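Numbering starts at 1 and runs along the sequence shown. Here the structure is a predicted model, which is why all the values come from computation and not from measurement.
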Amino acid sequence: MKILVVDDERIERRLIEKTLARLGHEIVAAEGGAAAWEYIRNEQVRFVITDWNMSGVDGIQLIQKIRSSQLSGYVYVILVTSNDRNEEVVAGLYSGADDYLTKPFNPSELEARVAVGERVLTLEDNLVRAKNQLEKLAMVDSLTGLMNRRAIYKFTRGELERARRIADPISVIFLDLDNFKGINDTYGHLVGDEALKLIAQVIRQRSRTYDGIGRWAGDEFLIVLPGANLQ
């Protein structure tokens, strides 16, 4: 994992770098809060270990910048401090730090706290993947793999609005399979399902990658063709 280590004292930075590099982590060093914030804004960083007392932008200010910004993912932050009084630790955690480490620290304790942070970030990644999967399932017809009614309706509205705005042609094809009920009555619903999947496959093969294809209902399909006129 890439870990950003922030400290304006080179010796303190090197101690953390040496401990974590031994575990296989990729270490990026910043000599202060301002340099760290610039790096975070331009590079994807998920894990930060920052000293509290630094000139310019200190650790607390850096954490507040991280928490108040819309970054692409959650950033886990360990605050390193020589202040071991309870009120100081509480203030650091309230500022947005996920964990803290007091100086002088035991390298084994640093390793353990980093491991905790890794578990938290792994859990967040799993939750994001599960959320994305649920969102995808909510927009996909489970039988054919095409957009479901809700998704194709949303796609159609967006493309109609875009075509109207730029005066671009757009076509919509509505397909209703002839005598589909007879397939289900004669051969059963499982065969009917296979027929629907075959139709969906044919439509996909005959369509452009940017066309919208959805199952409207039952044996009805909707195809949205941006930029296509009637001819």
Side-chain angles (χ1 to χ4, degrees), residues 1-139 158:
M1 174 176 287
K2 180 192 291 186
I3 299 178
L4 177 62
V5 178
V6 189
D7 199 317
D8 55 3
E9 294 290 338
R10 185 175 183 274
I11 296 177
E12 298 287 349
R13 272 201 324 270
R14 289 296 299 157
L15 179 60
I16 297 176
E17 290 176 33
K18 184 177 179 181
T19 301
L20 298 181
R22 189 173 67 247
L23 300 176
H25 296 292
E26 177 188 351
I27 307 302
V28 180
E31 296 184 359
W37 177 238
E38 187 66 23
Y39 186 86
I40 292 170
R41 289 176 58 195
N42 295 290
E43 302 288 340
Q44 185 172 14
V45 178
R46 303 289 307 283
F47 208 122
V48 175
I49 300 176
T50 180
D51 189 43
W52 182 325
N53 297 310
M54 296 181 291
S55 58
V57 178
D58 64 22
I60 295 295
Q61 293 170 325
L62 174 61
I63 294 171
Q64 290 171 341
K65 286 178 178 293
I66 292 172
R67 296 296 177 238
S68 62
S69 300
Q70 298 295 324
L71 300 174
S72 58
Y74 187 75
V75 179
Y76 191 91
V77 182
I78 296 178
L79 182 64
V80 182
T81 175
S82 57
N83 302 316
D84 58 356
R85 293 181 301 172
N86 286 338
E87 58 268 27
E88 298 289 350
V89 172
V90 169
L93 294 174
Y94 265 122
S95 73
D98 297 285
D99 203 350
Y100 71 94
L101 200 60
T102 55
K103 301 178 182 178
F105 58 83
N106 186 309
S108 296
E109 183 182 3
L110 172 62
E111 294 176 11
R113 292 185 183 275
V114 168
V116 170
E118 285 186 286
R119 290 198 295 271
V120 171
L121 291 176
T122 298
L123 176 61
E124 195 221 8
D125 289 342
N126 291 338
L127 289 173
V128 169
R129 278 194 293 270
K131 177 177 177 290
N132 291 338
Q133 183 65 19
L134 287 174
E135 289 178 349
K136 181 179 178 181
L137 290 174
M139 303 295 280

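Here the side chains of V80 and D7 are not in contact, with every heavy-atom distance at 4.5 Å or above. When side chains are defined from C-beta on, R13 counts as touching E31, because their heavy atoms get closer than 4.5 Å. Side-chain atoms of M1 and V114, non-hydrogen and from C-beta on, never get closer than 4.5 Å to each other. Between V45 and L71, the closest side-chain pair of non-hydrogen atoms is not below 4.5 Å.
Counting only residues at least two apart or on different chains, no ring-ring contact (aromatic ring centres under 6.0 Å, His included) pair has a member in residues 108-132. Within the structure, ring-ring contact (aromatic ring centres under 6.0 Å, His included) pairs that include any residue of residues 37-63 comprise F47-Y76 (at least two apart or interchain). Residue pairs meeting the salt bridge (Lys or Arg N to Asp or Glu O under 4.0 Å) criterion with at least one partner in residues 51-63, sequence neighbours excluded, are D51-K103.
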Would you be so kind as to tabulate the donor-acceptor pairs closer than 3.5 Å made by side chains of residues 17-29, with sequence neighbours excluded?
{"from": "E17", "atom 1": "OE1", "to": "R14", "atom 2": "NH1", "distance (Å)": "2.9"}
{"from": "T19", "atom 1": "OG1", "to": "L15", "atom 2": "O", "distance (Å)": "3.0"}
{"from": "R22", "atom 1": "NH2", "to": "E111", "atom 2": "OE2", "distance (Å)": "2.6"}

Listing, residues 89-98 side-chain donor-acceptor contacts under 3.5 Å, not counting sequence neighbours, or none:
{"from": "S95", "atom 1": "OG", "to": "G92", "atom 2": "O", "distance (Å)": "2.5"}
{"from": "D98", "atom 1": "OD1", "to": "Y74", "atom 2": "OH", "distance (Å)": "2.5"}
{"from": "D98", "atom 1": "OD2", "to": "R67", "atom 2": "NH2", "distance (Å)": "2.8"}
{"from": "D98", "atom 1": "OD2", "to": "Y74", "atom 2": "OH", "distance (Å)": "3.3"}
{"from": "D98", "atom 1": "OD2", "to": "V77", "atom 2": "N", "distance (Å)": "2.8"}

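Donor-acceptor pairing under 3.5 Å is recorded for the side chains of R129 and N126.
Note that CD1 of I60 and OG1 of T50 are 8.5 Å apart. Values are rounded to the nearest 0.5 Å. With rounding to the nearest 0.5 Å, the separation of CG in L127 from OG1 in T122 is 11.0 Å. For the atom pair CG (L4) and CD1 (I40), the distance works out to 5.5 Å, reported to the nearest 0.5 Å.
Closest non-hydrogen pair, S72 versus Q44, comes out as OG-NE2, 3.9 Å. Residues A36 and V6 share a closest heavy-atom pair of CB-CG2, 3.5 Å. A34 and V57 get closest at one heavy-atom pair: N-CB, 3.7 Å.
Under the side chain to side chain donor-acceptor pair (under 3.5 Å) criterion, D125 pairs with R46, sequence neighbours left out. With sequence neighbours left out, the salt bridge (charged side-chain N to carboxylate O under 4.0 Å, His left out) criterion links E38 to R41. Take R113 and apply the side chain to side chain donor-acceptor pair (under 3.5 Å) test, not counting sequence neighbours, and it matches D99, E109. In terms of the salt bridge (charged side-chain N to carboxylate O under 4.0 Å, His left out) criterion, E118 has no residue partners (sequence neighbours excluded). Under the side chain to side chain donor-acceptor pair (under 3.5 Å) criterion, E9 pairs with no residue at all, not counting sequence neighbours.
The neighbour count for I11 CD1, taken as heavy atoms of other residues, nucleotides or ligands under 6.0 Å away, does not exceed 12.
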